[in-house]
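Just so we're on the same page: letters track the sequence lines, and every chain starts at 1.
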Amino acid sequence: MSTKRKIFRWAVRIGMGLATGITAALTLFLVGYVLIKGFPNISWELLSTSPSYISERIGILPDILNTVYIVIATLIIVIPLGVGAAIYLTEYAASKKLVGIIEYAAEALSGIPSIIYGLVGMLIFSNNMGTSLLAGALTLVIMNLPTIMRNTQESLKTVPQSYREGAFGLGAGKWRVIRTVVLPGCLDGVITGCILSVGRILGESAALLYTAGFAHVAYGFFDGLTQSGSTLTVALYVYAKERGEFGVAFAIASILMVLAFLINLSASMISKHHQRRNAA
Amino acid sequence: MNHAIITVNDLNLWYGQSQALKHITMEIPEKSITALIGPSGCGKSTFLKTLNRMNDLIPTVKITGEVRYGGENIFESEVNALRKEVGMVFQKPNPFPMSIYDNIAYGPRTHGIKSKAKLDEIVERSLRDAAIWDEVKDRLKKNAIGLSGGQQQRLCIARALAVEPKVLLMDEPTSALDPISTSRIEELAMELKEKYTIVIVTHNMQQAVRISDFTAFFLLGELVEFGETEEMFSQPKDQRTEDYITGRFG
């Protein structure tokens, strides 16, 4: 091998090593920085109380509750809609052209910046029903619908056609085939998609700034939905930007980071289980 | 020749613009094995799938003519009731990813049988009829995907038998199997014709000779010749049949 070639190969190697190193260092630094600054500020009092201006106490219980409420409300609406639409488009729709157009539109929608959803959500929902968690949840429904639908469609397509033929060949009707053979065959794929949606809902702030509001009052589920309320991400913004409480902000950030990690972990565990079962 | 269970009258079938079946007229005799032979793309599989309307799943298919089963034109009858009567075994074994028991019980449950005792009885009878009971009786709750290819195919036959069909359509059921599994399926088919009418598509001419009572030779979407297997293979009436079975093309 010529010297020139040798040098070139080494240069490429070093370059790639450097790129990997920088990427890894950045990620680890970010995670470490947030956790190190955040964890010492997490206390039971912070997690279990509401903020009070009188006693100058900061608690994020309302924000935690609001986050849980908005995740639940969004999922309750978006899963039946998204999964239902996916089943229709994949299993029933006769016009492949129309399906193609809807799929294309869904994919285009999932690439739009979330702040635009916030703007639209504000005009459609908040201006009519007031700034509230429900308005925020509905906005997130619109935002997550295309992804849930596309993900479910792709999961449905992984179920081998031969299963469907086998069931039809026994005289099963279309809905029975879907319910007993197709859906069980791709359920973990659908669930994985929903879990990843939870991650997106948890992480969303821009769309909620417009629609769900900033209040930090703890309510029950149904009362909470009708009230203005901030989720953890919105609270993070408020505490850092408007009140300069960086300790609290980092505490929230580290909680969100741990949650995101857990969500990704469970999603990948489910899809691994799926692969193992399909390979068996 | 036994009395005909299925009567096909001037059947034509198109996939979009191209015609896959041309003016097919034949009678399929009851409680016997009818083999459909012919080179790839001759329409034999398409014809088989027409008999229980599996072609309905393909949107571009257009059909004219009639297929009569039990005195009714199948294209006018209820498709799920038809498929209960005319069952199907596919080229590649396709057990559902569920337990052996649930695979067999799938059909009966589809048609409304809920009683555990009745289902137990059907599962055992079907597995016995498909000559696989002894191999699986101790692991009925295990996933069917864990069975070997040959066992899976016999399981699929058992699954088809569980709804008590009159006719069993087999689409090259041994093409994905080893020789030993193949001969077991062939033996099974010959036993099953005591109770069922079997129509089998095969690429393997020896298989047609070994197991079938009647043979239909398809070429380019036409039914060239149909008759008793022995006669067709010893004295074919049509030159094209002779050329095909002596291996001059195909």
Side-chain angles (χ1 to χ4, degrees), chain A residues 86-103 152-192 270-280, chain B residues 48-49 51-60 77-98 102-112 126 142-147 152-153 155-165 168-171 176:
Chain A
I87 291 175
Y88 180 79
L89 290 178
T90 314
E91 307 286 333
Y92 287 91
S95 159
K96 292 292 159 219
K97 208 171 152 194
L98 187 67
V99 172
I101 293 172
I102 294 175
E103 285 178 354
T152 307
Q153 275 188 298
E154 293 311 314
S155 302
L156 290 169
K157 286 177 193 162
T158 63
V159 176
Q161 192 60 24
S162 66
Y163 292 174
R164 293 182 179 83
E165 286 177 353
F168 282 127
L170 291 166
K174 188 130 198 164
W175 174 238
R176 181 170 163 81
V177 174
I178 292 170
R179 190 168 52 82
T180 56
V181 176
V182 179
L183 280 180
C186 68
L187 196 60
D188 10 24
V190 175
I191 292 175
T192 307
I270 288 177
S271 61
K272 255 195 205 122
H273 168 78
H274 186 56
Q275 282 163 10
R276 206 170 38 232
R277 206 193 50 193
N278 278 8
Chain B
L48 189 81
K49 286 184 176 142
L51 298 180
N52 72 342
R53 289 179 54 186
M54 286 304 279
N55 285 326
D56 286 16
L57 300 181
I58 306 163
T60 57
S77 59
E78 212 270 306
V79 67
N80 294 333
L82 170 73
R83 289 180 187 150
K84 181 181 178 301
E85 295 281 311
V86 183
M88 187 148 204
V89 176
F90 298 83
Q91 185 167 0
K92 248 185 90 210
N94 59 348
F96 303 132
M98 42 177 97
D102 287 339
N103 262 280
I104 308 296
Y106 188 88
R109 281 176 178 149
T110 298
H111 299 287
S126 309
K142 291 264 166 62
N143 199 312
I145 305 294
L147 298 172
Q152 287 188 3
Q153 194 61 301
L155 180 81
C156 290
I157 293 174
R159 185 176 69 186
L161 297 180
V163 295
E164 301 183 28
L168 204 52
L169 308 176
M170 297 179 149
D171 189 4

Next on the checklist: Does A:Lys174, at its NZ atom, have more than 12 non-hydrogen atoms belonging to other residues, nucleotides or ligands within less than 6.0 Å?
Outcome noted: yes
Checklist outcome for this item: Residues A:Glu165 and B:Phe90: closest non-hydrogen pair is O-CZ, 3.4 Å
Next on the checklist: Within this structure, what is the CG-CZ distance for the pair B:Asn94 and A:Arg164, rounded to the nearest 0.5 Å?
Outcome noted: 12.5 Å
Checklist entry - For A:Lys96, does the NZ atom have more than 12 heavy-atom neighbours from other residues, nucleotides or ligands under 6.0 Å away? => result yes
Checklist entry - Does NZ or CZ of A:Arg176 come closer than 6.0 Å to the centre of the six-membered ring of B:Tyr106, within 45° of the ring's axis? => result yes
Item to check | When A:Pro160, A:Ala94, A:Gly169 are compared by non-hydrogen pairs under 4.5 Å with chain B, the top option | outcome: A:Gly169
Item to check | Smallest separation among heavy atoms of A:Leu170 and B:Val163, with atom names | outcome: O-CG1, 4.3 Å
Next on the checklist: So which atom in B:Phe96 and which in A:Tyr163 form the shortest heavy-atom distance, rounded to 0.1 Å?
Outcome noted: CE2-O, 3.3 Å
Item to check | Which portion of B:Pro165 sits near chain A, non-hydrogen atoms under 4.5 angstrom | outcome: neither
Checklist entry - Do you know which of B:Glu78, B:Arg159, B:Met98, B:Met88 has the most heavy-atom pairs under 4.5 Å to chain A? => result B:Arg159
Next on the checklist: Under 4.5 Å from any heavy atom of chain B, what part of A:Ala167 do you find: side chain, backbone, both or neither?
Outcome noted: both
